[in-house]
Number of protein chains: 2
Amino acid sequence: MGSSRDRPIADESRDANDADVRRQLIDAATVEFARNGFAGASTRAIAVRAGAHQPQINYHFSSKEALWRAVVDDLFTQLSSFLEPEGTFEDPVDEFRQWVLGLVLFSAERPELSRLIMHEAASYNDRMNWLVDSHVGPYLERRVRVWSSLKDRGLTEAIVDEFAYFALIGAITIPFCLMPHVERVHGPVDYDRATLERHAEGLVRAFLPGLDS
Amino acid sequence: MGSSRDRPIADESRDANDADVRRQLIDAATVEFARNGFAGASTRAIAVRAGAHQPQINYHFSSKEALWRAVVDDLFTQLSSFLEPEGTFEDPVDEFRQWVLGLVLFSAERPELSRLIMHEAASYNDRMNWLVDSHVGPYLERRVRVWSSLKDRGLTEAIVDEFAYFALIGAITIPFCLMPHVERVHGPVDYDRATLERHAEGLVRAFLPGLDS
DNA sequence: ACGAACCATTATCAATTGAACAAAGCGAGA
DNA sequence: TCTCGCTTTGTTCAATTGATAATGGTTCGT
């Protein structure tokens, strides 16, 4: 254990250390939580992956739960950078299209967020309540409103309204959520920007047949 | 469902007891595994929910893992009863439509299967390997073949091929997988057969715009 | 140079986990 | 009635969990 293999810091890093451990811990926790869920991820496994020691988790974050929330905060920050403009659209179709594309690109790059949510979303626990209250809630309401607006224009597919948003979320994220399986079936897949854009546009047209371009 | 939940054996049950404990344990484990994942579900919580004792799990099943596999076997048995005909179709469109409807109806009644899979599918572990090898594998290949067949006829939406099946699976199951959230947003939803049929048809037409009925 | 604040590191805690074991209960057949 | 096989029940174990305490070292302000 005492070897230099698991040493957390390189010799050159003097003060980079400060926030660096936090960063390493968050990145490691993102992987572990996304793979194994909250209960399945142990703080020791996270620490090993981060090249740190287990008590450092309780030092830099107050608890395992707080680390989990920090991971989610971090992922949603990254997500928002993919959905940047957000609200500057006049045409709901443009907004819808931009949102689908942004979510596709984000899910391809960071499938961890969807995986993390899927682990918690099967029931209502404290973590899920926090997630809905502090992140998903208002965001989701806006999406529902855009969908209503599109429906009023007669553009939407005849999917049951209550399910439309979640069906779309599923269609967008599940292929990336289950990427190991996609590749098991189809072999390695490459996600050039062009392919992802084509995919996003396909989904838009599937859910908005009224566009009939 | 069982009326006497907190009692392991009803007084009347003489030999019904034999397989009854197995049944109770599987039902309880289905709930616990679906809610909390494999790691998050404890054998003690399962036993309490089943009105049984924790060591009975290792007696009737050899291990927690074996119980999990029994749960999955049970759920797939129920699924197959929803997708009954399976292979008697000449027209791939009929087969596709029947499959979507079956999966919608099943997911509405037993969202546990999708939830259970979502918990495991984020990475490849022993459980996921077993699940793919013994249940999902050939089933999935058939779906991919049907999709190819539909694509050859120019019926499919221009979704990236490798993602089509998984996007559809996501669109079908996620609304039921995340039912607590659907109801949090839209209030209680009722799943009359008619509504579910309408929903399934909407999804079919979304992914097969070539039908343009 | 001194001490204070910060952080890494080791060791250890109580609680919970899945599993194992032994003994008792119980029904059926000889 | 007695015995045998299956099941239940109570207890216990080793391992793992998240968290804390204690110690040591480094950096910076004064």
Side-chain angles (χ1 to χ4, degrees), chain A residues 1-26 28-29 32-33 35-71 119 125-127, chain B residues 2 4-26 28-29 32-33 35-71 119 125-127:
Chain A
M1 291 271 270
S3 80
S4 64
R5 173 176 52 89
D6 35 20
R7 190 172 34 190
I9 27 175
D11 289 336
E12 307 81 37
S13 70
R14 299 169 171 269
D15 63 343
N17 194 354
D18 299 350
D20 205 35
V21 179
R22 268 188 74 96
R23 187 69 257 163
Q24 295 292 334
L25 283 173
I26 287 183
E32 292 291 325
F33 282 140
R35 279 198 190 163
N36 309 318
F38 182 81
S42 79
T43 55
R44 282 171 176 81
I46 294 173
V48 167
R49 177 176 295 274
H53 292 240
Q54 185 250 352
Q56 291 183 273
I57 289 180
N58 286 79
Y59 178 78
H60 289 280
F61 311 85
S62 62
S63 68
K64 186 187 179 185
E65 289 249 357
L67 171 59
W68 184 87
R69 287 194 295 268
V71 165
H119 276 295
N125 48 42
D126 294 342
R127 261 162 281 131
Chain B
S4 64
R5 202 216 306 240
D6 33 15
R7 172 169 308 201
I9 26 176
D11 290 336
E12 310 80 34
S13 70
R14 300 167 172 270
D15 62 344
N17 194 355
D18 300 349
D20 204 36
V21 179
R22 268 188 73 97
R23 187 68 258 163
Q24 295 292 333
L25 283 174
I26 288 183
E32 292 291 325
F33 282 141
R35 280 199 189 161
N36 309 317
F38 182 81
S42 79
T43 55
R44 282 173 176 81
I46 294 173
V48 167
R49 177 177 294 275
H53 293 233
Q54 186 248 357
Q56 292 184 273
I57 289 179
N58 283 71
Y59 177 78
H60 288 280
F61 311 86
S62 61
S63 68
K64 186 186 178 185
E65 289 249 357
L67 172 59
W68 184 87
R69 287 194 294 270
V71 166
H119 276 295
N125 48 41
D126 293 342
R127 262 162 282 131

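Quick caveat, the model's predicted, so the values are computed rather than measured. Only this structure's heavy atoms are used, side chains among them; waters, hydrogens and symmetry mates stay out. Residue numbers begin at 1 in each chain, while the letters A, B, ... track the order of the sequences.
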Does some side-chain heavy atom of [Y] sit less than 4.5 Å from a side-chain heavy atom of [X]?
X: Ile26(B); Y: Phe61(B); result: yes
X: Asn36(A); Y: Asn125(B); result: no
X: His119(A); Y: Phe33(A); result: no

Rounded to whole angstrom units, what separation is found between the [atom1] atom of [X] and the [atom2] atom of [N]?
X: Gln56(B); N: dA22(C); atom1: CD; atom2: P; value: 19 Å
X: Gln24(A); N: dC7(C); atom1: CD; atom2: C1'; value: 16 Å
X: Phe38(B); N: dT16(D); atom1: CZ; atom2: C1'; value: 14 Å
X: Leu25(B); N: dT8(D); atom1: CG; atom2: C1'; value: 12 Å
X: Asp20(B); N: dG27(C); atom1: CG; atom2: C1'; value: 17 Å
X: Leu67(B); N: dT17(C); atom1: CG; atom2: P; value: 15 Å
X: Phe61(B); N: dT8(D); atom1: CZ; atom2: P; value: 11 Å

- prompt: Quick one: is dA8(C) close enough that its OP1 or OP2 comes under 4.0 Å of any side-chain N or O from His60(A)?
  reply: yes

message: Is the phosphate of dT8(D) approached by His53(B) (side-chain N or O, under 4.0 Å from OP1 or OP2)?
response: no

message: Any base atoms under 4.0 Å from Ala41(B), or only sugar-phosphate, or nothing? Heavy atoms, all strands.
response: sugar-phosphate

- prompt: Counting only N and O atoms by type, is there a donor-acceptor contact under 3.5 Å from the side chain of Lys64(B) to the main-chain atoms of Ser42(B)?
  reply: no

message: If we ignore hydrogens and angles and just use 3.5 Å, is the side chain of Arg22(B) paired with the main-chain N or O of His60(B) as donor and acceptor?
response: yes

Are any protein N/O atoms closer than 3.5 Å to N/O atoms in nucleotides 19-23 of chain D? If there are, list each pair with its distance.
from	atom 1	to	atom 2	distance (Å)
dA19(D)	OP2	Asn58(A)	ND2	3.4
dA19(D)	OP2	Lys64(A)	N	2.9
dA19(D)	O5'	Asn58(A)	ND2	3.3
dA19(D)	N7	Gln54(A)	NE2	2.9
dA19(D)	N6	Gln54(A)	OE1	2.9

query: Distance from His53(B) atom NE2 to Arg44(B) atom CZ, nearest 0.5 Å?
result: 12.5 Å

query: Under the salt bridge (Lys or Arg N to Asp or Glu O under 4.0 Å) test, which residues partner Arg23(B), sequence neighbours left out?
result: Asp27(B), Asp74(B)

- request: Please tell me which of the listed nucleotides, dG18(D), dG18(C), dA8(C), lies nearest to the side chain of Ser42(B)?
  value: dG18(C)

